[in-house]
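Scroll down for the structure; my scribbles are underneath it.
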Amino acid sequence: QHLLQQHAPDPAHQVDISISQRWHLWASLGRAYVVSADWHAAQLNYTAMLAFARSCIEPIMECEALVCLANVALHQSFDLKTASALLQQALTVAQTSAAPAALAQTEWNLAQSGYYAWDLAESLAHAERAFNLARDQGLAELSARSLYAMAHAQWRLGHWEASKEHALAAYDIYHSHADRAMQCSSLHLLGRAQIHLGDPLAGISSTRAAYDISVEIGHVWATIQSASTLCVGLREIGDYAEAIRFGQAALTQARLKQNPVILLMSLGALGTTLQEALQLNEARIIFRDAQALGDSIALRPYAALVASMHCAVAAMLEKWDEATEWALRALKARDPSSLHLTDWSRCYETEALLRGGYATQAQEDVHRFGDCVASNRRYRIPYLRTLAVLARWEAHYDQALLFLWEALDLASAIGLPGEQWRIAQATGEIYLAQGQQQAAQTAVANAASIVASLSESFADEARRSTFLSSPFIQRLIG
């Protein structure tokens, strides 16, 4: 920063810096501002870089400054309109200059813009083009960033295997270049993919490594995102106290930074964890905040996420009219080709639709859900639970039991106690409906044993009491 400000009129004090050196200094300083989330300073830095590039007729530097300013617009205020205009300028400069490096850089940032606008297919296409151009030019860092952008788009699309593969490839490049900021971002994406593929322990390990690096180097955005993902991973293995702690820390920081997408994801992670831990009134408060934020973003996929969260907690509170209304909203807004975190509680939407008299819509939705799930074993569990809800509704009890047994085997193999006790409880209810008293008692005893173990994870006595006094738990132990 000191060197870049050396425009002193006194030649004796002026520092002679080449164009390439200035470029490197502006890029490095801007990166430091971005890592620390000082968006105003980053904007001033890249604006100066842009003015200098234009004065020297340096199209590649001009492109980089434009795409960096677009990135600032996205993160600082989620200004998609400004970001899009800046990217179009960059694309025009890149195409006019016929500079592959500039074009690759612009394609990468177009991928970023598409990601935030939830135009995921377009985002992935731009990221793939950026990677091919960067690889052909031997641009390792841009190749890694493009792989990371591909992994990000594939995460949103629910293509977890591909996301895992590209996040790992990006990490390998960043590790070889000692880029710790992007190492932790890549590790975070890798951990998220592992969790959603049904390997929570590996996912927690990767994400905790990302979190530790981000805290050490002061990478605020990576800290928020990795803390939110740790919230989800720890919840998966039944460590509710730690999950809530990380979720609350992520949300506190996200509220300070005021990026609506990051804030919505933090609200979703903490809210669904509170829901899983049967802290339902707290979850509803979080979901109301998420709803207000989703309305301000005004993109259908965010509306679908919020509706799914509201539906699940309303169903768990047995507010079925409300749950049905939210299920219908989720159905209308959802992209049926993607998988999301809220799909883990999809069975509540199915039951709400059935109770509301929308049996055909419920059946069609479950069929589309199954097409998306394919071979993903983590998502197969909620899919099997939705199938069991349908079968039980139609009094096909033996078929419902088959679905639940398979789901219970998967949940046990992965190590998901929150899924295990709910599935065991549902199994017991079906046995009871069939008049199989002994089998019902065995299933309920299994569920109660898991619940007792989970209750010990709460360090806060008030939370433990809320958990144990839930109607769900009372039906097991009452």
Side-chain angles (χ1 to χ4, degrees), residues 1-10 13-97 99 101-117 126 130 134 139 141-142 145-146 148-149 179 181-182 185 217-222 256-262:
Q1 187 177 35
H2 175 72
L3 288 173
L4 287 170
Q5 290 173 345
Q6 288 293 330
H7 298 297
D10 182 358
H13 293 89
Q14 191 167 3
V15 178
D16 185 19
I17 308 176
S18 69
I19 290 175
S20 63
Q21 287 173 322
R22 285 185 182 277
W23 186 350
H24 175 72
L25 287 169
W26 264 311
S28 299
L29 186 58
R31 179 76 174 280
Y33 288 138
V34 167
V35 166
S36 62
D38 189 344
W39 299 111
H40 178 66
Q43 184 180 36
L44 293 176
N45 177 77
Y46 291 131
T47 299
M49 179 180 174
L50 177 61
F52 181 81
R54 285 173 170 169
S55 70
C56 297
I57 314 177
E58 286 287 338
I60 299 178
M61 189 196 299
E62 182 180 357
C63 274
E64 182 170 336
L66 285 165
V67 297
C68 288
L69 282 169
N71 188 47
V72 169
L74 285 171
H75 283 83
Q76 185 177 32
S77 56
F78 198 63
D79 189 344
L80 288 169
K81 184 177 180 180
T82 296
S84 179
L86 289 164
L87 290 172
Q88 287 305 315
Q89 289 181 52
L91 188 58
T92 299
V93 172
Q95 291 171 336
T96 302
S97 67
L103 189 56
Q105 175 76 13
T106 306
E107 288 284 0
W108 173 81
N109 224 67
L110 285 167
Q112 292 289 95
S113 179
Y115 170 82
Y116 280 104
H126 283 300
L139 303 172
E141 193 276 335
L142 187 52
R145 264 193 289 142
S146 302
Y148 178 80
D179 185 336
M182 289 307 297
S185 294
I217 66 175
H219 193 336
V220 179
W221 293 106
L256 293 174
K257 297 307 174 186
Q258 297 184 336
N259 178 290
V261 174
I262 300 298

Residue list, side chain to side chain donor-acceptor pair (under 3.5 Å) with [X], at least two apart or on another chain:
X: S20; answer: S18
X: T92; answer: none
X: H126; answer: E107, E122, R129
X: Q88; answer: none

Tell me the closest heavy-atom pair linking [X] and [Y], and the distance in Å.
X: A181; Y: I217; result: CA-CD1, 3.5 Å
X: A104; Y: L142; result: CB-CD2, 3.5 Å
X: W221; Y: K257; result: CH2-CB, 3.5 Å
X: Y46; Y: A27; result: OH-O, 4.3 Å
X: T82; Y: A73; result: CG2-CB, 4.2 Å
X: A90; Y: C63; result: O-SG, 3.3 Å

* Asked: Under 3.5 Å, is there a donor-acceptor pair linking the side chains of E64 and W26?
  ->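 Note: E64 and W26 side chains miss the donor-acceptor criterion.
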
* To do: Quick one: which residue pairs count as a salt bridge (Lys or Arg N to Asp or Glu O under 4.0 Å) with a foot in residues 26-54, not counting sequence neighbours?
  =>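 Of all non-adjacent pairs touching residues 26-54, those that pass salt bridge (Lys or Arg N to Asp or Glu O under 4.0 Å) are R31-D179, R54-E62.
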
* Report the residues that fulfil ring-ring contact (aromatic ring centres under 6.0 Å, His included) with Y148, sequence neighbours left out, ordered by chain and then residue number. =>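 Once residues adjacent in sequence are excluded, the partners of Y148 under the ring-ring contact (aromatic ring centres under 6.0 Å, His included) criterion are H152.
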
For [X], check side chain to side chain contact (heavy atoms under 4.5 Å, CB included) against everything at least two apart and list the hits.
X: S28; value: H24
X: A70; value: A83, L86, L87, N109
X: I19; value: F52, C56, E58, M61
X: L44; value: H40

Rounded to the nearest 0.5 Å, what's the gap from [atom1] on [X] to [atom2] on [Y]? Could you check?
X: E141; Y: S146; atom1: CD; atom2: OG; result: 8.5 Å
X: Y33; Y: N45; atom1: OH; atom2: CG; result: 6.0 Å
X: K81; Y: S84; atom1: NZ; atom2: OG; result: 10.0 Å

